[in-house]
Number of protein chains: 2
Amino acid sequence: MTANDPNNRSDCPLSCALDLIGDKWSLLVIRDICLNKKRYVDFQSSPEKIPTNILASRLKRLEETGIIVKKPYQTKPLRCEYLLTVKGADLLPVLQTLAAWAEKHVPSCIPAPEFFFTLKPENLFTR
Amino acid sequence: MTANDPNNRSDCPLSCALDLIGDKWSLLVIRDICLNKKRYVDFQSSPEKIPTNILASRLKRLEETGIIVKKPYQTKPLRCEYLLTVKGADLLPVLQTLAAWAEKHVPSCIPAPEFFFTLKPENLFTR
DNA sequence: TTCATTACTTGCAAAACGCAAGCTTTGATA
DNA sequence: TATCAAAGCTTGCGTTTTGCAAGTAATGAA
């Protein structure tokens, strides 16, 4: 036996987490939602310039893994917004810790705005 | 202008952090070192079974970015161990936060041992 | 002399990525 | 009415990265 779930490399919580969001883009999409971006074009407008096919595939995967939900906000034409679930909002402390690490150790980065570190998961998810 | 450092996708601290360790394997190697693994074979023995060429390339990159150091512990034959720098040890809180998230939200994972959450960066790095 | 260990490197096929272009639905504009 | 723009994608295709297997070099042990 290798892992409870064959999609996981092992049962280690860290390994399981990285199997879900361990890539270059997923956490940036989640960051964007934390910063109140909701729509496809919003994510595309971020400075990292995520390729459109990658964005589509990440949104799909994050939805499939229950980290975000896709919710219509108008019908003609059908337009959806992407929102965090509780599972997704609970990634905020990870983002904050990682951002703090970079501010301390990566000279080329520019500090995140103060308010980012004051955000709390319970204010971010949908119900 | 896109980013201070052309290797970075943007100047966002999160983006900078992910440019360094945002992949499936890097944080697992760092986890291993936190758990007192030091040598090439130690990393290979972890349950995720990292491919040997990937391991070599990650160790190289982590060293180049100042997250780990490669240090000889014997000369005949020359054998080295990999240790965390301060920069690397300071990733521990990220690992702990991410592991806690997975324990809460990923049903298939098995909780990390208690002591993992009691570790502190200042006890992990070399001087 | 052969075998085992450690720490890698190399080759190659498969998968993922990234860029550009195209498509669909709808509302606005001329 | 014809054209245009916006939003949210999909498709094609070349490049890069990954992952598996095998091979290599240095040394010590049997």
Side-chain angles (χ1 to χ4, degrees), chain A residues 2-3 6-10 12 15 18-30 32-33 36-65 68-83, chain B residues 2-3 6-10 12 15 18-30 32-33 36-65 68-83:
Chain A
T2 307
N7 294 320
N8 296 340
R9 286 170 293 173
S10 81
C12 167
S15 167
L18 293 171
D19 284 337
L20 295 179
I21 47 85
D23 68 273
K24 272 174 62 178
W25 294 106
S26 294
L27 288 181
L28 292 186
V29 173
I30 295 165
D32 282 350
I33 307 184
N36 222 29
K37 296 188 175 188
K38 295 173 166 56
R39 298 177 312 163
Y40 202 89
V41 280
D42 293 337
F43 305 131
Q44 288 186 303
S45 74
S46 289
E48 295 83 12
K49 290 287 163 283
I50 184 170
T52 180
N53 55 341
I54 306 289
L55 176 56
S57 77
R58 287 304 175 275
L59 289 171
K60 181 159 175 272
R61 197 170 73 184
L62 290 172
E63 203 195 348
E64 287 168 354
T65 54
I68 62 175
V69 281
K70 185 179 183 176
K71 189 178 149 192
Y73 63 89
Q74 71 174 44
T75 48
K76 289 169 85 91
L78 178 61
R79 292 284 182 255
C80 296
E81 55 189 6
Y82 295 92
L83 303 170
Chain B
T2 308
N7 295 319
N8 296 339
R9 286 170 292 174
S10 81
C12 166
S15 166
L18 292 171
D19 284 335
L20 295 179
I21 48 83
D23 68 272
K24 271 173 63 177
W25 294 107
S26 294
L27 288 180
L28 293 186
V29 173
I30 294 165
D32 282 351
I33 307 183
N36 222 29
K37 295 189 176 188
K38 294 172 168 54
R39 298 178 312 162
Y40 202 89
V41 279
D42 294 335
F43 305 131
Q44 288 186 302
S45 74
S46 289
E48 294 83 13
K49 291 286 162 284
I50 183 170
T52 179
N53 55 342
I54 306 290
L55 175 57
S57 78
R58 289 303 175 274
L59 289 172
K60 181 160 176 273
R61 197 170 72 184
L62 290 172
E63 203 197 347
E64 287 168 355
T65 55
I68 62 175
V69 281
K70 185 178 181 176
K71 188 178 152 193
Y73 63 90
Q74 71 173 44
T75 49
K76 290 170 82 98
L78 179 60
R79 290 284 182 256
C80 296
E81 56 188 6
Y82 295 93
L83 303 170

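Note that the structure is a prediction, hence the values are computed from the model and not measured. So you know, we letter chains A, B, ... as the sequences are listed, proteins then strands, and number each from 1. All values below were derived from every heavy atom in this structure, side-chain atoms included, with hydrogens, water molecules and symmetry-related copies excluded.
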* Give the C-alpha distance, both sets of side-chain angles, the deciding distance and a yes or no for side-chain contact (heavy atoms from CB on, under 4.5 Å) between Q44(B) and L55(B). => CA-CA 8 Å; Q44(B) 288 186 302; L55(B) 175 57; 3.7 Å; yes

* **Check against side-chain contact (heavy atoms from CB on, under 4.5 Å), R39(B) and Y73(B)** => CA-CA 10 Å; R39(B) 298 178 312 162; Y73(B) 63 90; 3.0 Å; yes

* Taking it one step at a time, do T65(B) and E63(B) satisfy side-chain contact (heavy atoms from CB on, under 4.5 Å)? -> CA-CA 5 Å; T65(B) 55; E63(B) 203 197 347; over 6 Å; no

* To do: Go through the steps for F43(B) and L59(B) under the test side-chain contact (heavy atoms from CB on, under 4.5 Å), then give the verdict.
  => CA-CA 10 Å; F43(B) 305 131; L59(B) 289 172; 4.0 Å; yes

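For E64(B), the side chain to side chain donor-acceptor pair (under 3.5 Å) partners are K60(B), not counting sequence neighbours. Applying the side chain to side chain donor-acceptor pair (under 3.5 Å) test to D32(B) and every residue at least two apart in sequence or in another chain returns S46(B).
The backbone N or O of C80(B) sits nowhere less than 3.5 Å from a side-chain atom of Y40(B) that would complete a donor-acceptor pair.
Atoms CG (D42(A)) and C1' (dC9(D)) sit 15 Å apart, rounded to a whole Å. Rounded to an integer number of Å, the gap from CG of L28(B) to P of dT18(D) is 13 Å. The CZ atom of R9(A) sits 12 Å away from the C1' atom of dT18(D) (whole-angstrom rounding).
The residue Y82(B) sits close only to the backbone: its heavy atoms come under 4.0 Å of sugar-phosphate atoms, none of a base.
Within 6.0 Å of NZ in K71(B) there are 12 or fewer heavy atoms belonging to other residues, nucleotides or ligands.
With a 4.5 Å cut-off on side-chain heavy atoms, L78(A) and P72(A) count as touching.
In the 5' to 3' direction, nucleotides of DNA chain C lying under 4.0 Å from heavy atoms of chain A begin and end at dC17(C) to dG27(C).
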Extract all donor-acceptor atom pairs below 3.5 Å that involve side chains of residues 18-29 of chain A and protein atoms in other chains or at least two apart in sequence.
from: D19(A); atom 1: OD1; to: R9(A); atom 2: NE; distance (Å): 2.7
from: D19(A); atom 1: OD1; to: R9(A); atom 2: NH2; distance (Å): 3.2
from: D19(A); atom 1: OD2; to: R9(A); atom 2: N; distance (Å): 2.9
from: D23(A); atom 1: OD1; to: S26(A); atom 2: OG; distance (Å): 2.5
from: D23(A); atom 1: OD1; to: R61(A); atom 2: NH2; distance (Å): 3.0
from: D23(A); atom 1: OD2; to: W25(A); atom 2: N; distance (Å): 2.7
from: D23(A); atom 1: OD2; to: S26(A); atom 2: N; distance (Å): 3.1
from: D23(A); atom 1: OD2; to: R58(A); atom 2: NE; distance (Å): 3.0

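For residues 57-65 of chain B, proximity to DNA chain D is found at R58(B), defined as any non-hydrogen atom under 4.0 angstrom from a strand atom.
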* **Summary of protein contacts for nucleotides 19-26 of chain D, nucleotide by nucleotide, where a base hit scores B, a sugar-phosphate-only hit scores S (4.0 Å, heavy atoms)** => BBBB----

